[in-house]
Amino acid sequence: VILAVHVGPTLGIALNQARRLGMDQKFLTVNEAEEQAVLDTAGKNAEGLFFYSPEPAVPSEEMRSFNRIFEERFHHSAHPLSRHSYDATM
């Protein structure tokens, strides 16, 4: 298993290079792997990618409140990193 923490399409590039080198290990990464840029870059090389998310299974009242306020202000859903950043500064 290869643990790959990344930002954006960098993971896609790493997946492509690993497969080109004949590496068939599983990749484990963080929830940023959900970014469309990863799939756009890696294509079929992203198949079998595992990722985890530190998001809670049941959102707290504070999380629901943050999401509501964020969506009212920015007119789109908050990315998990937005929630983590807010939580870290409070």
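None of these values were measured; they are calculated from a predicted model.
- When the ring pair (Phe, Tyr, Trp, His ring centres under 6.0 Å) test is applied to His75, no partner is found at least two apart in sequence or on another chain.
- Taking Phe27 as the reference, nothing meets the ring pair (Phe, Tyr, Trp, His ring centres under 6.0 Å) condition, with sequence neighbours excluded.
- A distance of 7.0 Å separates CZ of Arg19 from CG of Asp24, quoted to the nearest 0.5 Å.
- The CD atom of Glu47 sits 11.0 Å away from atom CG of Leu15, with the distance rounded to the nearest 0.5 Å.
- A distance-only check finds no donor-acceptor pair linking the side chain of Arg83 to the backbone of Met63 [under 3.5 Å].
- The side-chain heavy atoms of Ile2 and Leu28, taken from C-beta on, include no pair separated by under 4.5 Å.
- Phe51 and Leu3 are assigned to two separate hydrophobic clusters, defined by single-linkage of ILVMFWY side chains at heavy-atom distances under 4.5 Å.
- The shortest heavy-atom contact between Phe66 and Ala78 is CE2-CB, 3.8 Å.
- A salt bridge links Glu61 with Arg64: at least one charged nitrogen is closer than 4.0 Å to a carboxylate oxygen.
- At distances below 3.5 Å, not a single donor-acceptor pair connects side-chain atoms of Arg68 with backbone N or O atoms of Glu72.
- Under the 4.5 Å side-chain heavy-atom criterion for Ile, Leu, Val, Met, Phe, Trp and Tyr, Met23 and Val38 are members of the same hydrophobic cluster.
- Without hydrogens or angle criteria, Asn16 side chain to Thr41 main chain gives a donor-acceptor distance under 3.5 Å.
- Atom CG of Asn67 and atom CD of Glu62 lie 11.5 Å apart (nearest 0.5 Å).
- Nearest heavy atoms, His79 versus Glu35: NE2-OE2, 4.5 Å.
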